[in-house]
Number of protein chains: 2
Amino acid sequence: MNELNSPFPTPQQRQEEREAKRSAVLRTAVQMFNERGFHQTSLDDVAARLGVSKPTIYHYLGNKDQVLLECVTIGLSQLIAAAEAARGTPGSGADRLTSFLRRYAEVNMDDFGRCVIRTSEEALAPDSRQQFRALKRRIDAAMRTLIEEAMADGSIAPGDPKLLGFALAGALNWPARWHDPGGPDSAETLAASLVDWLARGFLPRRR
Amino acid sequence: MNELNSPFPTPQQRQEEREAKRSAVLRTAVQMFNERGFHQTSLDDVAARLGVSKPTIYHYLGNKDQVLLECVTIGLSQLIAAAEAARGTPGSGADRLTSFLRRYAEVNMDDFGRCVIRTSEEALAPDSRQQFRALKRRIDAAMRTLIEEAMADGSIAPGDPKLLGFALAGALNWPARWHDPGGPDSAETLAASLVDWLARGFLPRRR
DNA sequence: AATGCAAGTTACTCGCCAGTAGATTTTTGC
DNA sequence: GCAAAAATCTACTGGCGAGTAACTTGCATT
């Protein structure tokens, strides 16, 4: 397509370029929020790093609240996707749960996932906060369902699914606070090891 | 002492009263930070809830950064105290570890402990941030030592102590985000149940 | 050629809030 | 009684940063 590499973009291409710019803004914003914190990052800062001026951000994304909301929404969609993927996985309830958990942890070490964890609800305007909450509830519910199904088929230990959900979520959210993406440990291996500890517990098992 | 209940306070009493006021300010501040977030809480707000004016806060505590630093320092001291208490506990390494973990979780559901978790480092001025970090490192190190000792005496499963530390800390920090102190579940029982899940893992154990 | 939309810009406004100056009142120690 | 210190207030300053108005330029459409 466009074999002559003409400098005159098709409407198609223009649309794509706009999309690309939009997500570049988002990507830069989320990284800066993660580095320096939402409140310590002004839209002027973000614009400066992109080499543009603040109104450009407003042009593509709207106000600061909307920028943040979009960042966390992206992160949360990845988690929802992980939950849906896990449902379609073959194997026992425990298998589906652990595969979900691994992916959950990985997402939380990625730009947008980290932002979900590090963003405290209070930073968002009331409306956005409600949407944020609603999405988080969906993830929680999905995780709890996975847990309940695994308890039901006996592939994990019985107990309070809600509490287990909180314990697992906490342990796998936390890397958003300490994991260094530039460090030696890849998100994948870390995720797998963490899930393994949670699955087996720290008390020794007799074989 | 002071049997006549005289209205003229002794120097002793004056000192205590000042101390009481100081900690009332701190207590109110930390609660408001937890409710509405640090950046959404102005010192005027805190002063208003106490029925005083902003300069009074400066009189007792200094600037906003120092207020926050003191809040998290209190929380972290409680954790350090928990670690020291655990060291003196009789029993196996696993016993000492679990008793520490339970207390650790409880503290994180308390006003000052919650603040430690919910405060992101970026909110603090560089100097305070360093102190904050240093204290957190102490807790981490204490936890890791407890883990290593328990691994050494064989009372918990072998593995990477650092990773286990992060998993445990994450799971037990998280209640700072979801636990409702006014709810039906007491911090103590919640802490115990969480630690139990972490100890045993979610995979079924024989017998 | 005229119109209009898209993508930027510069240069503002405006409110909030941390922090302070300085007055005022009470307490206390001599 | 008097000077100094403690505890508090009212009333300000100053800066930062979100959000906007209004211009520019270029391309696209009829």
Side-chain angles (χ1 to χ4, degrees), chain A residues 2 6-26 28-29 32-33 36-71 119 122-128, chain B residues 2 6-26 28-29 32-33 36-71 119 122-128:
Chain A
N2 199 357
S6 151
F8 304 100
T10 64
Q12 164 76 305
Q13 284 173 319
R14 258 189 286 107
Q15 183 60 21
E16 276 165 14
E17 199 177 323
R18 187 186 162 91
E19 226 14 82
K21 287 182 184 173
R22 205 184 125 90
S23 41
V25 175
L26 232 28
T28 302
M32 294 185 78
F33 292 164
R36 317 150 56 148
F38 177 71
H39 293 288
Q40 285 67 42
T41 308
S42 78
L43 288 189
D44 276 319
D45 293 338
V46 178
R49 186 176 290 186
L50 285 159
V52 299
S53 67
K54 179 170 54 176
T56 301
I57 297 184
Y58 280 82
H59 181 63
Y60 285 101
L61 286 170
N63 67 23
K64 200 183 178 189
D65 182 66
Q66 292 166 51
V67 174
L68 180 57
L69 178 61
E70 177 121 11
C71 290
T119 296
E122 305 93 32
L124 288 161
D127 288 0
S128 314
Chain B
N2 198 355
S6 152
F8 305 99
T10 65
Q12 165 75 306
Q13 285 173 320
R14 254 187 290 109
Q15 183 61 21
E16 276 163 16
E17 198 177 327
R18 187 187 162 91
E19 223 18 79
K21 287 182 184 174
R22 205 184 125 91
S23 42
V25 175
L26 231 27
T28 302
M32 293 185 81
F33 292 164
R36 315 151 57 147
F38 177 72
H39 293 288
Q40 285 68 40
T41 308
S42 76
L43 288 188
D44 276 319
D45 293 338
V46 178
R49 187 176 290 186
L50 284 159
V52 298
S53 67
K54 180 169 54 176
T56 301
I57 297 184
Y58 280 81
H59 181 65
Y60 285 102
L61 287 171
N63 66 23
K64 201 184 178 188
D65 183 66
Q66 290 166 52
V67 174
L68 181 57
L69 178 62
E70 177 121 10
C71 289
T119 296
E122 306 93 30
L124 288 161
D127 288 358
S128 313

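Below, read A as the first sequence line, B as the second, and so on, with proteins coming before strands; counting in each chain starts at 1.
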Roughly how many Å is it from CG in B/L61 to P in C/dT20, rounded to a whole number?
15 Å

Within the 4.5 Å heavy-atom criterion, are B/N63 and B/Q66 side-chain neighbours or not?
yes

Touch class at under 4.0 angstrom, heavy-atom based, for B/S53 against every strand present
base

I want to check one thing: is the phosphate of D/dA7, taken as OP1 and OP2, less than 4.0 Å away from some side-chain N or O of B/R18?
yes

What is the separation between atom CG on B/L43 and atom P on C/dT20, rounded to the nearest whole Å?
12 Å

Distance from B/L43 atom CG to B/T56 atom OG1, nearest 0.5 Å?
11.5 Å

Without swapping roles, check the side chain of B/K54 against the backbone of B/S42 for a donor-acceptor pair under 3.5 Å.
no

Less than 4.0 angstrom between a side-chain N/O of B/H59 and OP1 or OP2 of D/dA7, yes or no?
yes

Go nucleotide by nucleotide along DNA chain D from the 5' end; which of A/P55 and B/K21 gets its closest nucleotide reached first?
B/K21

Any idea how B/F33 and B/F38 line up, ring-wise: parallel (<30°), tilted (30 to 60°), or perpendicular (>60°)?
perpendicular

For atom OH of A/Y58 and atom C1' of D/dA22, their distance in whole Å:
17 Å

For a quick test of reading the model: is some side-chain N or O of B/Y60 closer than 4.0 Å to OP1 or OP2 of D/dT8?
yes

Any chance you could measure A/T41, atom OG1, to A/K64, atom NZ, to the nearest 0.5 Å?
6.5 Å

Output the rounded distance in Å from CD (B/Q40) to P (D/dA18).
13 Å

C/dT9 phosphate, OP1 or OP2: any side-chain N/O from A/T56 under 4.0 angstrom?
yes

Calculate the interatomic distance between B/D65 atom CG and C/dA18 atom P; express it in whole Å.
12 Å

note: B/K54, atom NZ; D/dA7, atom C1'; distance rounded to Å ~ 18 Å

Distance in angstrom units between B/I57 CD1 and D/dC9 P, rounded:
10 Å

B/H39 atom NE2 is separated from D/dC16 atom P, nearest whole Å, by 16 Å

